[in-house]
Visitor: 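I have a structure I would like to understand better, so I am pasting it below and will then ask my questions one at a time.
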Amino acid sequence: MSSEAPLSKVIVALDCNNENDALEIANLLDPKLCNLKIGLELFISCGPSIIKKIHNLNYKIFLDLKLNDISNTVLKSINTIGKLGIWMTNIHSSGGKKMMLNAQEELRKVQKDCLLLGVTILTSLNDKDLKEIGFQNNVNNQVLRMASLCHQSKLNGIVCSANEAKVIKENLPSEFICVCPGIRALGDDIDDQSRVMTPMLAAKNGADYIVVGRPITRSRDPKNTLTIFKKEFEENMR
Ligand code: C5P
């Protein structure tokens, strides 16, 4: 894998369902300017071969499968994922401390520099949704609670909305990574996201990486839009 340029703080979500579209977007972008996120839709459609093809283009990959199952099943899946040579992956913190500790221990055995993140509360959910599910806490309190559990479980960080990054950075060590989706430029369509933030505010709140999908992949000039998001975020990072 690649370049002397410092690792980009922007992760572009390849949310598509076939290899051609994924490779087309990857070829329009640049591994010196971003890392790529492969999520459930693409991974289920193409299988592990898509990882190899994206690696061949020199990108670092965040494999966003949000694993959530009993500890033994997650551990075995993480063992397989670790062998793919990816940069970052994630599991659901609602799987509990034992599941997270076991997954991290297993990943360290297979690929020690792969980052393991916990998913807290999806950025598509708001306070009302949490109440409906049966959580007593509001989003902020619930995210902090789940983030602390991830930290105690030795995960490298969490996926959270940039709205929550501030409180996470105030309460947990600075090296505990906040990867923040739900990023929009001023005036962008928010699509199905509930809790969105601009790259500048995300940076000021302490986000370490931003995940951007549709605003970049659906723009007329994805590389130019990526450059704008990257500049705004990286120039304002703490
Ligand atoms: O298109 P958009 O910028 O909304 O894409 C956000 C990406 O981040 C999607 O791939 C979505 O699955 C992912 N994500 C999220 N919220 C989380 C975790 C992941 O939006 N909590």
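Both counts, for ligands and for their atoms, begin at 1 and track the order of listing.
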Visitor: Do any pairs count as a salt bridge (charged side-chain N to carboxylate O under 4.0 Å, His left out) and have a residue in residues 41-56, sequence neighbours left out, and if so which ones?
Guide: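 Listed by first then second residue: Glu19-Lys53.
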Visitor: Please work out whether any backbone atom (N, CA, C, O) or any side-chain heavy atom from C-beta onward of Leu122 is under 4.0 Å from ligand 1, and answer side chain, backbone, both or neither.
Guide: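 For Leu122, the contact with ligand 1 is made by both the backbone and the side chain.
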Visitor: Starting from Val211, can I reach Met88 by hopping between I/L/V/M/F/W/Y residues whose side chains sit under 4.5 Å apart?
Guide: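 Yes, Met88 and Val211 fall within the same hydrophobic cluster.
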Visitor: Identify the protein heavy atom lying closest to atom 15 (C) of ligand 1, giving its residue, its atom name and the separation to 0.1 Å.
Guide: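 For atom 15 (C) of ligand 1, the nearest protein heavy atom is Thr123 OG1, 3.2 Å.
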Visitor: Are the side chains of Gln142 and Ile133 in touch, meaning some heavy atoms are under 4.5 Å apart?
Guide: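 The answer is no; the side chains never approach within 4.5 Å.
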Visitor: Give the atom numbers and elements of ligand 1 that come within less than 4.0 Å of a heavy atom of Arg214.
Guide: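 Those qualifying, in numeric order: 1 (O), 2 (P), 3 (O), 4 (O).
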Visitor: What residue and atom, counting heavy atoms only, is the protein's closest point to atom 6 (C) of ligand 1, and at what distance?
Guide: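 So the nearest neighbour among protein heavy atoms is Gln193 NE2, 3.6 Å.
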Visitor: Heavy-atom contacts with Arg184 under 4.0 Å: which atoms of ligand 1 show up? List them by number with element.
Guide: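 The list of qualifying atoms is 1 (O), 2 (P), 3 (O), 4 (O).
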Visitor: List the residues meeting ring pair (Phe, Tyr, Trp, His ring centres under 6.0 Å) with Phe229, not counting sequence neighbours, and say none if there are none.
Guide: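 Result, ring pair (Phe, Tyr, Trp, His ring centres under 6.0 Å) vs Phe229: none returned.
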Visitor: For ligand 1, note which part of Pro215 has a heavy atom under 4.0 Å away: side chain, backbone, both or neither.
Guide: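 Looking at Pro215 and ligand 1, just side chain atoms fall under 4.0 Å.
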Visitor: Which residue supplies the protein heavy atom nearest to atom 9 (C) of ligand 1, what is that atom called, and how far is it?
Guide: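 Nearest neighbour among protein heavy atoms for atom 9 (C) of ligand 1, to 0.1 Å: Asp15 OD2, 3.2 Å.
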Visitor: Without hydrogens or angle criteria, can the side chains of Asp64 and Asn90 be said to hold a donor-acceptor pair below 3.5 Å?
Guide: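 Yes, a side-chain donor-acceptor pair sits under 3.5 Å.
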Visitor: Any N/O of Lys37 closer than 3.5 Å to an N/O of ligand 1?
Guide: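 Min N/O separation from ligand 1 is below 3.5 Å for Lys37.
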Visitor: Just to be sure I'm reading this right: ignoring hydrogens, which of Glu41, Lys66, Arg218 gets closest to atom 12 (O) of ligand 1? Compare them by their nearest heavy atoms.
Guide: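 Considering heavy atoms of Glu41, Lys66, Arg218, the nearest to atom 12 (O) of ligand 1 sits in Lys66.
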Visitor: Check the side chains of Asn141 and Gln136 for a donor-acceptor pair under 3.5 angstrom, ignoring hydrogens and angles.
Guide: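 No, Asn141 and Gln136 have no side-chain donor paired with an acceptor closer than 3.5 Å.
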Visitor: Quick one: does Val211 get a heavy atom under 4.0 Å from ligand 1?
Guide: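 Right, Val211 reaches ligand 1.
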Visitor: Using a 4.5 Å cut-off on heavy atoms from C-beta on, say whether the side chain of Leu115 contacts that of Trp87.
Guide: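 The answer is yes, as the side chains (C-beta and beyond) meet within the 4.5 Å cut-off.
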Visitor: Can you tell me which residue among Lys109, Gln111, Glu106 is in a side-chain hydrogen bond (donor to acceptor under 3.5 Å, both in side chains) with Asn79?
Guide: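 Considering Lys109, Gln111, Glu106, a side-chain hydrogen bond (donor to acceptor under 3.5 Å, both in side chains) with Asn79 is found only for Glu106.
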Visitor: Compare Pro181, Gly213, Gly182 and give the one whose heavy atom is closest to atom 8 (O) of ligand 1.
Guide: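 Among Pro181, Gly213, Gly182, the closest heavy atom to atom 8 (O) of ligand 1 belongs to Pro181.
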